[in-house]
Each structure stands twice: as C-alpha cells, then as structure tokens.
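For reference, the structure discussed in these notes is given below.
Only heavy atoms go into these numbers, but all of them, side chains included; no hydrogens, no water, no symmetry mates. Numbers here are sequence positions counted from 1.
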Amino acid sequence: TALPISGWWKGGAVLVIRLLISITCLSWILIFGEPGGSEGEESEFWRHRREAKEKEKQGDLKCAVKHHRSSLECLGRHLPQSSVFNVATSLVWNILRQFLHILYVNDLLWTLIGYLLPWQRKKLQNVKRVAKETATVYHDLHKLHLSGYYPLDKFASLDLALSCVNMCDVSGEYLDDDVRARIYATAAFHSQKHHSHLPILSHFFLSRMSACASPNHLQWLLTPDGKNFFFTSNWSQDKSLSRDHPDPIDSLGALYRHKLLHNGFLNLLELPQNADLAFSEFTMVHDLAAAAAKI
C-alpha cells in the first residue's frame, strides 16, 4: 500500500507552487513587461532627445518638455496626466515597485532569470539599456518640473520622481554612478520641498545617494553642515531656486555656498577692529573672496 502523504508535504508542495507562480507573475510584469523599443521607435526616441537638448541650449525649456514627453511616448511610456485615476494607479504601482527594489526582490528576479533562462540574457540587457535612457529622460523632466517649467500637482510630481528612481534602479550597471547620484539627490530635493512633513523620504534618498560614487559637487549634501542646511533651512521658499537654473540641485548648491560665505563674512566683521589677524585668517579672507567670485 502507498504511504499516506503527510500534511507537512502537502503544505510544502502548495507553498512551492505558490512561490513559482509568484516568481513567474513578477518576472512577467517587472522584466518581460518592460518595453524594449524597436529600431523605428528608438530612432524616433533619439530624434526627440536631440531636439530636447537643442531646445534646452536655446533656453526654450517649455518646448524641451514637449520633446522629452514625446521621447518617452516613443518607448511606450505615457505620463499619466489625463485623469486622477490614472495618476493614482500609476503612483500606487511606483510605490509598490520601489518597495520591491528596497527588498531586493527585483535584483533577485533578474539574477534568477539570468541563470534559469540564459537565452533571455540579451533581452535582459536590452531592457536595462532602455531603462537607462528612460531614467535620464524622466530625470530631465523632473528637473524642469522642480524648476517651474513643467507644472504638475503634488501626486503627479511624486509619481514622476518615483518613476525616475525606479527606472534608475532597473538600469543597474548600465547607468553611471554620477547620474544615479544626481537622480537620488533630486528625489531628496523633491521630497524635502513638497513633503517636508515626511523627512524619512529625504533621508532615504540621501542614503541611496551616499551609497553611490557621488561626484564632488554633491558631496556637500553628505557633510554635517550641508545636511543641517538641507533639513533645517527654509530654502524651499527661495524664489531663485525656481527660475535661475534648470537644475535645482545646482541652484541649491549655489544657495548653500552663498550661506557659507555670508556666515564667514559676518564672523570676520565681528572681530575687534584692533585685533591682529593671523595668517590663517588672512587666508580665510582670500578663500572667501575667491569662492565668492566663482558663484
């Protein structure tokens, strides 16, 4: 007679089946569901990208926004602005997808598919390559939005920011570390400007930025003084951040340097008139004047 199958084996078999179904569904959505882009679509994409960059150089930033959006549409990515429902569903999906990235579910799926389906590795590489280009377009649009050239409501703007971060995570090693760091820094800027009541968001994106090989011009965000300025100063109300420069992070960095210079000059003015300045203090004056000339 056949031995009866114990309840433990039944439960284990059901768990394995459910796990396989979950992996299959997530892989289909997160990996094979990503638009790859045909040759004709990519040709149109690059045409709009060149037009957008040219318009940015000419200072016609509103026209550049149109070309950035058109380049995304060439890759099958339409920004959800037609209705509240579309924005809400897209935002929920991007939040869920970011949680999957945080839990390394996405990385695990990419690794599993690469080993279990080696003939699909070319497809995986193409998806990452397209995700890299998509992330850069989202990033350009995000910067223009934060600079006031692409108006969006709070939910649509948060959806844009998360779309950029998610595509950045999908692109993996195809995206340079300095671009990745700028994307995380811009997301932190967005969170602090529009969602300052949730500082955990800004801290989270800055921690992601610190894990990258951040370029020198972003290192100030990781210093104690820079973090204090970022989280406690009322810089979001400064009007120069909206129009002076199409990149809000560069504008914020210039504002931070102005603050350092202002505080440094105030400290010098507070010295007694008959005080003998040491050589180091003369050097500080010279450095402050040189820094002021560069701003």
Side-chain angles (χ1 to χ4, degrees), residues 30 68 72 77 79 90-91 93-107 110 128-147 150 152 154-233 235-236 241 245-256:
L30 296 175
H68 283 312
L72 285 176
R77 295 190 179 276
L79 293 172
S90 179
L91 181 58
W93 166 244
N94 275 308
I95 292 174
L96 175 61
R97 188 164 193 175
Q98 184 57 210
F99 272 112
L100 293 176
H101 282 297
I102 295 172
L103 297 174
Y104 297 101
V105 172
N106 195 72
D107 293 339
W110 283 87
K128 287 187 175 184
R129 181 182 58 80
V130 174
K132 167 200 169 185
E133 304 301 339
T134 306
T136 56
V137 179
Y138 275 133
H139 181 50
D140 289 339
L141 275 175
H142 193 202
K143 291 188 297 183
L144 291 171
H145 160 65
L146 292 173
S147 300
Y150 181 35
L152 294 170
K154 275 193 174 184
F155 295 106
S157 64
L158 180 59
D159 179 65
L160 176 61
L162 289 177
S163 296
C164 181
V165 172
N166 282 329
M167 286 298 99
C168 169
D169 293 336
V170 170
S171 62
E173 69 278 5
Y174 279 75
L175 191 65
D176 295 335
D177 270 351
D178 57 340
V179 179
R180 188 184 304 277
R182 290 192 72 88
I183 288 175
Y184 291 140
T186 306
F189 178 99
H190 177 110
S191 301
Q192 189 63 19
K193 183 176 181 179
H194 295 297
H195 308 283
S196 57
H197 56 288
L198 294 172
I200 189 174
L201 290 176
S202 303
H203 282 285
F204 169 71
F205 288 122
L206 282 183
S207 68
R208 298 288 299 274
M209 188 198 82
S210 65
C212 305
S214 303
N216 291 332
H217 61 274
L218 293 180
Q219 289 295 325
W220 68 270
L221 281 168
L222 305 178
T223 63
D225 288 339
K227 286 184 177 180
N228 183 62
F229 170 78
F230 186 77
F231 287 106
T232 62
S233 299
W235 53 261
S236 61
L241 286 174
H245 199 283
D247 192 328
I249 292 297
D250 290 344
S251 298
L252 186 61
L255 193 64
Y256 172 67

Derivation of the side-chain contact (heavy atoms from CB on, under 4.5 Å) call for Leu79 and Tyr138:
CA-CA 10 Å; Leu79 293 172; Tyr138 275 133; 3.6 Å; yes

For this session: Apply side-chain contact (heavy atoms from CB on, under 4.5 Å) to Leu144 and His68, showing your working.
Result: CA-CA 10 Å; Leu144 291 171; His68 283 312; 3.9 Å; yes

- Task: Please assess Thr136 against Met167 for the test side-chain contact (heavy atoms from CB on, under 4.5 Å), listing each intermediate value before the final yes or no.
- Result: CA-CA 9 Å; Thr136 56; Met167 286 298 99; over 6 Å; no

task: Walk me through it: do Asp159 and Leu152 pass the test side-chain contact (heavy atoms from CB on, under 4.5 Å)?
output: CA-CA 10 Å; Asp159 179 65; Leu152 294 170; over 6 Å; no

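You'll find the side chain of Arg182 reaches within 4.5 Å of the side chain of Asp247, heavy atoms only. In this structure the side chain of Lys227 never reaches within 4.5 angstrom of the side chain of Thr232, judged on heavy atoms. Residues Val170 and His101 meet the side-chain proximity criterion, which asks for heavy atoms closer than 4.5 Å. Trp220 places a side-chain heavy atom less than 4.5 Å from the side chain of Leu252.
The structure places NZ of Lys143 at 9.5 Å from SG of Cys164, a figure rounded to the nearest 0.5 Å. Distance check, rounded to the nearest 0.5 Å: CE of Met209 to CG of Leu218 gives 5.5 Å. The distance from atom CG of Leu146 to atom CD1 of Ile249, rounded to the nearest 0.5 Å, is 8.5 Å. Note: Asn106 CG to Leu100 CG = 7.5 Å, rounded to the nearest 0.5 Å. The CH2 atom of Trp93 sits 11.0 Å away from the OG atom of Ser163 when rounded to the nearest 0.5 Å. Distance check, rounded to the nearest 0.5 Å: CG of Asp178 to SG of Cys212 gives 9.5 Å.
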Can I get a per-line list of side-chain donor-acceptor pairs under 3.5 Å for residues 197-208, giving both atom names and the distance, sequence neighbours left out?
from	atom 1	to	atom 2	distance (Å)
Ser202	OG	Gln192	N	3.2
Ser202	OG	Gln192	OE1	3.1
Ser207	OG	His203	O	3.4
Ser207	OG	Phe204	O	2.5
Arg208	NH1	Gln98	OE1	3.1
Arg208	NH2	Asp169	OD1	2.7
Arg208	NH2	Asp169	OD2	3.3
Arg208	NH2	Tyr184	OH	2.7

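His190 is linked by a ring pair (Phe, Tyr, Trp, His ring centres under 6.0 Å) to His142, His194, His195, counting only residues two or more places apart in sequence or in another chain. Residues passing the salt bridge (charged side-chain N to carboxylate O under 4.0 Å, His left out) test with Lys128 are Glu173, sequence neighbours excluded.
For the pair His145 (side chain) and Tyr150 (backbone), a donor-acceptor distance under 3.5 Å is present. Formation of a donor-acceptor pair under 3.5 Å by the Thr223 side chain with backbone atoms of Gly226 is found in this model. A donor-acceptor distance shorter than 3.5 angstrom exists from the side chain of Asn166 to the backbone of Leu162, with no hydrogens or angles considered. The backbone N or O of Gly172 sits less than 3.5 Å from a side-chain atom of Arg180, completing a donor-acceptor pair. The backbone N or O of Lys154 sits less than 3.5 Å from a side-chain atom of Ser157, completing a donor-acceptor pair.
A tilted orientation is assigned to the rings of Phe229 and Tyr256, their planes being inclined by 30° to 60°.
Atom CZ of Phe155 sits in a sparse spot, with 12 or fewer heavy atoms from other residues, nucleotides or ligands closer than 6.0 Å.
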